[in-house]
Amino acid sequence: MSRKYYRDVRRRNIARLLLTYFVPLLILIIYFNYQYDALVEEGRRLHLKSIAESQANTFDLFLTERLVNLGNLIDDPKFHVPPEPEMLAAYLEKLKRNSEAFVDIGYFDSTGIQTNYAGPFPALEERNYGSEEWFRQLKDEKKEFIITDIYLGFRQKPHFTIAVRRIISDQFVVLRATLDPEKIYEYITSLEGANEVYVSIVNSEGYYQVVTPHIGISLEASSIIPPRENRIGVEEIRLKGTSITYAYTWLKTADWALISQWSQATGEGLISGFKLQMILISLVVMLGLLVIIVFRTRKLVQMQIESDRAKAQLEHAAKLASVGELAAGIAHEINNPLAIISEEAGLMKDMMDPQFKLNPKLEEMTPHLDAIHEAVFRCCDITRKLLSFVRRTDVDPKPHDIHKVIDSVVDGFLGREMAVSNIVISKNYDASLPTVVTDTNQLQQVLVNILNNAVDSIAGPGKITISTSRQDEFLRIAIADTGKGMTPEQVDKIFLPFYTTKQVGKGTGLGLSVSYGIIKSLGGKIMVESAPGRGSTFILVLPFRH
Amino acid sequence: MPDKIKVLIVDDEVKFLDSIAQRLEMRGFDVTKAINGEEAVKWATARKFDLALLDLKMPGIDGKQVLEILKKEHKYLEVIILTGHGSLDSAVECTKLGAFSYLPKPYEIDKLLETLKEAYEARMRKKFELDGIRLQKIQQLATGNSALGILRALRELDNEEK
C-alpha cells in the first residue's frame, strides 16, 4: 500500500473522529449559548421593564406632586380672585422652592384671559387662551386638572403646562403653571437606573416630549410608539436593520409613555466577557480533543501499516507456497523442453562425431537449432508466467473480463498439466457478464489454489467444470471437479490454516485459508459443496465492483 | 552379426522422440517410436521388444498403464521410465509395477546408454534364468531321455504356464 493511501486513511480517520466528537460538542455549545442568551435576554428585558416602571412611577409621583403644589395654592384659604401680582409672585417663589422645573404661574378668568401672570414672560399677561385645547378641556369637559403635551405656545419655547381649575364664588377660574422640559429631563436622568438606559417620553401621538439627545429631539416624531393595550411592557422593533428592545410604561397622570432602551454600552461588555470565557474553554477542550485524535489516529494508522505489512508478507509467503504446490507440474513443463534441448544438442554433437562418419552439412543443423530455440522459449514462457504470479503488484482498478482472468490461469498455468493428467476442462461461461473491477492478481491466486486442489483430488482422468453466472448484483464462479470429494468433517476444516489432506511435504495447508482471506478482502464469499466420491464444488461470489 | 537390441520409445514430445530415436539408431539400436500411449499399446502387441523407454505423463493412456500392458505382453522386456516429473513417489510406484529403472529428464546420454546396457543385461540374465528353470523343469518332468518323454514334459509345462 502506498504512502498516499495511508495519508488518506489518516485524514479520513481524523475527519471522522473530529466529526463524531466536535459536532455534538458544537451543538451543545451552540445550544447552551442560545439558552444562555435567551436567559440573559429575558433577564435584561425584565430589568429594563423594572427600570421603565420605576422611572414612570417616580415621574408620575413627580407630576402628581407638581399638581398638588398647584392645587395647594388655589385651595389656600388666603387665595382670592383675582390674585394680586405680589401674591402670584409669592406663589411662584413657593412653587420654585417645591421644584426647580416651575417656570411661571398665571391666573385665568372664565373666558380664558390670563389676567394675572408672574414669571419671565410678562408679555403673556392679558393674552386670551380661551380657544386653547387645554383650556377648553378644563372648561367644557370639567376636568379637575390637566397636564398638556409639550408645545411652543405664544412664547415660542418648548414647555408644558399643568393647570387646575376651581369654581370660586360661582366663578370658573384656572391657575396654571408651566414647567421647563429641560429640568424635567435633568430630573429623569437623575433617576435610579438612568445611567444604563436612554429614557424618552412620548405622547399618545408618538411625539417626543422629553428625550435624551442621543436618540431624538423634543416634539419630533418618535420611531417607537408603544402599544396601548398594556400599561407596562417590553417590546422589540427593528429600526434601520438593528433590533431594539425597549420597555414602556404609560403614565397615570398624563397621556404619556416613558420609554427605556439600553444605552449601547450597557450589558454588552458583561456578556462578551462571559462568552469569551466560554469560547476560550471550548477552544481549549477542542484543542485537547484535536491533539488526542491526531495522536491516536497516527498511532492507529501506524499499527495498520504494520499489520498490513505483516499481512502482505503472509500473503506473499502463501503465494510462494501455492507456487511450491505447483512445482511438480512446473517441473514437468520445464524438464520436457530441457530434455529436448539436451537431446537436440547431443544429436548435433553425434552428427559431428567422426566415429559415426556422417560428415554433415551445416544446413542439416538448422532444424535441430530451431527445436532448441523453440524449447528455450517454452521454458522462458513458463518462468515468466510464474514470476508474474509471484511478483507482488498493487491493485490495478481496471475493468477486467473475468473469463480472460480465468483462462489465463486455466490455460496459462495449468493447461498442459491438465492435458497430461487427462483432465478435461469444461467452460460454462455466461457471455453476458459485465466486466469486473477487482484485484485480479489475488483472484488468480485463489483460482490457482482451487484448481491445484481439484487436479490433486482427481488424480487421473476426470473433469473440471468452470461456470460463471450472475447472482443478483454479484458474480458467481463455480469450480466443480470429479475428484474424490470430502467428508462433512473435512469440509468444516477446509478453510482452516495448515489443514491439509495431502501427504506430509505435499501441501502447506495455506492455500485455501489464504484464498478465504483474499476473497473476503475482495468483498466476496467462498463456499464449498462436497460429498465423498462425488467431487467438490467451490463457489466464489464476488461483487462486480470492489 | 548379432541381432540389434530392439527398443520401443514412447513420448508425446515429437522433437524429443525424433532426436533420441536418431541417436540410439546411430548407436546401433533398433528403435520403434510411439507418440502416445495408444500407439505404444498397438506396437506392444504387434512386435517384440527387448527394452522400452517410457514417458509417464501423457494425454490419453498414460505411462503407468502402458507399463502394465508392456509387462504383461512381454515376459522379458525391461522398461526404463523417462520423465520430467522427478518425484520419488512415482519412481517407487513404477518400480513396484516392474519398471527396471527411472531416469529424470533431462539426462546425460552416457547415463542413458549405461542404463540401457544394464537393463539389457538384466533382461538377458532373466531370460537365461528362466530358460534354465525351464530346462530344469523339463529334465525333472521328462521320463527318460526319449523324445516322447521330452515332448510330454514340454506340453505339461505349457499347461502349467497357462
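Chain A is the first sequence line, chain B the second, and so forth, proteins listed ahead of strands; every chain is numbered from 1.
Within the 4.5 Å cutoff, no side-chain heavy atoms of B:R23 are placed close to those of A:F356.
By the 6.0 Å contact criterion, CZ on B:R27 is enclosed, its count of non-hydrogen atoms from other residues, nucleotides or ligands being greater than 12. Other residues, nucleotides and ligands contribute over 12 non-hydrogen atoms within 6.0 Å of the OH atom of A:Y429. Within a 6.0 Å radius of NZ in B:K126, more than 12 heavy atoms belonging to other residues, nucleotides or ligands are found. The 12-atom threshold is not exceeded at CD of B:E108, counting heavy atoms of other residues, nucleotides or ligands nearer than 6.0 Å. Annotation for A:K427: atom NZ counts as buried by contact number, over 12 foreign heavy atoms lying within 6.0 Å. Residue B:K71 places its NZ atom among more than 12 non-hydrogen atoms of other residues, nucleotides or ligands, all under 6.0 Å distant.
Taking all atoms of both residues into account, the shortest heavy-atom contact from B:S19 to A:L347 is CB-CD2, 3.7 Å. Of all non-hydrogen atoms in A:L338 and B:P106, the two that sit nearest each other are CB-CG, 3.7 Å.
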Chi angles and distances behind the side chain to side chain contact (heavy atoms under 4.5 Å, CB included) call for B:M26, A:D353: CA-CA 11 Å; B:M26 284 161 76; A:D353 194 330; over 6 Å; no
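Looking at A:E374, only its side chain comes within 4.5 Å of chain B, counting heavy atoms on both sides. B:D11 does not touch chain A: none of its heavy atoms, backbone or side chain, sits under 4.5 Å away. With a 4.5 angstrom heavy-atom cutoff, A:I341 does not touch chain B via any of its atoms. Interface residue A:D350: backbone and side-chain heavy atoms are both found under 4.5 Å from chain B.
Rounding to the nearest 0.5 Å gives a distance of 10.5 Å between CG of B:L17 and CD1 of A:I340. Remark: B:T83 OG1 to A:N336 CG distance equals 7.0 Å, nearest 0.5 Å. For the atom pair A:N422 CG and B:K57 NZ, the distance stands at 8.5 Å (nearest 0.5 Å).
Counting heavy-atom pairs closer than 4.5 Å to chain B, the top residue among A:A371, A:G346, A:S342, A:P337 is A:G346.
Taking the charged nitrogens against the carboxylate oxygens, B:K15 and A:E343 have no contact shorter than 4.0 Å, which rules out a salt bridge.
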